[in-house]
Amino acid sequence: MVKVFAPGVIKLFGEHAVVYGKPAIAATINRGIYVECERGDKLVVETVGVSTSLRYFPEERRTEAFGSERFFAYVDATLRIAEERWGALRARFVIRSDLPPSAGAATSAAVSVGLLKAYSHCAGVEMGRDELARLGHRVELEVQGIASPMDTAAVSLGGLLKIWTNPFRVEKIETSLPPFYIAVLPRRGTTGEIVAEVKALLGRRRSAMGVIEAIGALVEEAHVCLVKGDLECLGELMYVNNWLLGALGVVDGRVVNLLEMVKPFIYGGKISGAGRGGVVVLLPRDEGLVERVLSALGHVYYRVSLTQSGVSVL
Ligand code: MEV
């Protein structure tokens, strides 16, 4: 049996602008997706902890799963690409998640890259991280339509990374950061839809391109603060990045309210990923008080540490 862990990713600075050629800064975390593969007589994919809803028909004693179509779109595209690359495989895959799906923690990239890694190992092939990142990005492009290689590169390579898309380049940032909190709000829209709406806005309003330029400049400043380990500066730039994302229409009132409530206890916070809810990443000043506020508000939240490794066989 092959067991693989593919980390989730928090986007610290630069999402959305990364789609338009600006660099972004993202980091792998100690939660993510586990994929097991065991060869057998048919191809089957089981999921555990990947949220889906059930519909039960008592007269027929039949249960139907729904709400999982988007998740399985990534699985389907990944299996098709894997089969093209390494030939057909009869195996049982089990996918477990300890992060909520489609929230902005790169779980779709982790599913694609983790499944590709497990498939290749099960097929007896060892593949390089760059190729994994490239194939994972192909899956995201097929399913979402528009996608930068940021999430799939981060899941494949691991660490705190500065990522440029065009031409594609990755630089590891060496620094040490304390744990973050991620609060998860229900998401309104898929990554593909939100990225397409931002694209439409930029097409309609030329001045909105100034926001993308400002995010690009902010990422450079944040890079300097990260290297210095300057948490005050990082927190402040997280807030600025969040307001700039708000100008692109992807930060809603729920995120603003949440940040207002925890403000005295954090250096800063922002959405992570496409936005419209989803993951809100918080850099805590006082972990205990952040937890108290998040629990009192009834939010789903996790304390996460940044990690150094990308997808790996366990
Ligand atoms: C999604 O995790 C991040 C976005 O920048 C889209 C992308 O980079 O593909 C919003």
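These values consider heavy atoms only, across backbone and side chains, with no hydrogens, waters or symmetry-generated copies.
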Could you go through the side-chain contact (heavy atoms from CB on, under 4.5 Å) check for R85 and R80 one step at a time?
CA-CA 9 Å; R85 189 76 178 67; R80 194 167 12 82; over 6 Å; no
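- Checking side-chain atoms of R39 against main-chain N and O of C122 turns up a donor-acceptor pair under 3.5 Å.
- Annotation for M261: atom CE does not count as buried by contact number, only 12 or fewer foreign heavy atoms lying within 6.0 Å.
- Nearest heavy-atom pair across T165 and P149 is CG2-CD, 3.3 Å.
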Check step by step if salt bridge (Lys or Arg N to Asp or Glu O under 4.0 Å) holds for R188 and E193.
CA-CA 10 Å; R188 295 184 179 144; E193 286 161 1; over 6 Å; no
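- In this structure, I33 and T107 approach most closely via the heavy-atom pair CG1-O, 4.0 Å.
- In this structure, A105 and L99 approach most closely via the heavy-atom pair CB-CD1, 3.9 Å.
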Chi angles and distances behind the side chain to side chain donor-acceptor pair (under 3.5 Å) call for T190, Q144
CA-CA 8 Å; T190 64; Q144 287 170 208; over 6 Å; no
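- For residues 300-314, the set of pairs meeting the salt bridge (charged side-chain N to carboxylate O under 4.0 Å, His left out) definition, not counting sequence neighbours, comprises E287-R303.
- Both tests do not hold together for R96 against Y34: distance to the six-membered ring centre under 6.0 Å, angle to the ring axis within 45°.
- In terms of heavy-atom proximity, Y74 sits nearest to S112 at CD2-OG, 4.0 Å.
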Test side-chain contact (heavy atoms from CB on, under 4.5 Å) on V45 and I95; report intermediate values, then the result.
CA-CA 7 Å; V45 179; I95 303 174; 3.8 Å; yes
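- I182 and F13 fall within a single hydrophobic cluster, where Ile, Leu, Val, Met, Phe, Trp and Tyr side chains are chained together by heavy-atom contacts under 4.5 Å.
- Closest non-hydrogen pair, P7 versus V155, comes out as O-CG2, 3.5 Å.
- Across I10, I266, L282, I29, a single residue satisfies side-chain contact (heavy atoms from CB on, under 4.5 Å) together with F180, and that is I10.
- No donor-acceptor pair closer than 3.5 Å links the side chain of R138 to the backbone N or O of A133.
- A continuous path of ILVMFWY side-chain contacts below 4.5 Å connects L248 to I146, so both sit in one hydrophobic cluster.
- Residue L89 is not grouped with residue V44 when hydrophobic side chains (ILVMFWY) are merged at heavy-atom distances under 4.5 angstrom, including chains of intermediate members.
- A side-chain donor-acceptor contact under 3.5 Å links N30 to the backbone of S305.
- Residue pairs meeting the salt bridge (charged side-chain N to carboxylate O under 4.0 Å, His left out) criterion with at least one member in residues 107-120: none, sequence neighbours excluded.
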Show, in sequence, the C-alpha distance, side-chain angles and deciding distance for H16 and I194, and conclude whether the side-chain contact (heavy atoms from CB on, under 4.5 Å) test is met.
CA-CA 10 Å; H16 282 291; I194 300 168; 4.0 Å; yes
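- Under the 4.5 Å side-chain heavy-atom criterion for Ile, Leu, Val, Met, Phe, Trp and Tyr, L157 and L226 are members of the same hydrophobic cluster.
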Could you check L43 against R90 for side-chain contact (heavy atoms from CB on, under 4.5 Å), going step by step and ending with a plain yes or no?
CA-CA 5 Å; L43 181 60; R90 293 218 165 115; 5.5 Å; no
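- With hydrogens and angles disregarded, no donor-acceptor distance shorter than 3.5 Å links the side chain of S148 to the backbone of V18.
- Cluster membership check: V75 does not share its hydrophobic cluster with V48, using side-chain heavy-atom separations under 4.5 Å among Ile, Leu, Val, Met, Phe, Trp and Tyr.
- A side-chain donor-acceptor contact under 3.5 Å links T28 to the backbone of G159.
- We find that R134 and E131 are joined by a salt bridge, their nearest charged nitrogen and carboxylate oxygen being less than 4.0 Å apart.
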Under 3.5 Å, which donor-acceptor pairs do the side chains of residues 233-244 form with other protein atoms, sequence neighbours left out?
{"residue": "N241", "atom": "OD1", "partner": "G14", "partner atom": "N", "Å": "3.1"}
{"residue": "N242", "atom": "OD1", "partner": "I271", "partner atom": "N", "Å": "3.0"}

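- The backbone N or O of A147 lies less than 3.5 Å from a partner atom in the side chain of H137, making a donor-acceptor pair.
- With sequence neighbours left out, Q308 forms a side chain to side chain contact (heavy atoms under 4.5 Å, CB included) with K172.
- In this structure a side-chain-to-backbone donor-acceptor pair under 3.5 Å is missing from R169 to I163.
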Indicate every side-chain donor-acceptor pair of residues 198-222 with a distance under 3.5 Å to a residue at least two apart or in another chain.
{"residue": "E213", "atom": "OE1", "partner": "K22", "partner atom": "NZ", "Å": "3.0"}
{"residue": "E213", "atom": "OE2", "partner": "K22", "partner atom": "NZ", "Å": "3.3"}
{"residue": "E220", "atom": "OE1", "partner": "K162", "partner atom": "NZ", "Å": "2.7"}

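- The pair R276-D252 does not meet the salt-bridge criterion, since no charged nitrogen lies less than 4.0 angstrom from a carboxylate oxygen.
- In summary, E38 and K3 do not engage in a salt bridge, as defined by a charged side-chain N under 4.0 Å from a carboxylate O.
- Within the structure, ring pair (Phe, Tyr, Trp, His ring centres under 6.0 Å) contacts touching residues 284-314 (residues at least two apart or in different chains) do not occur.
- With hydrogens and angles ignored, the 3.5 Å screen pairs no side-chain donor or acceptor of D151 with any backbone N or O of A106.
- Residues S272 and V281 share a closest heavy-atom pair of CB-CG1, 4.0 Å.
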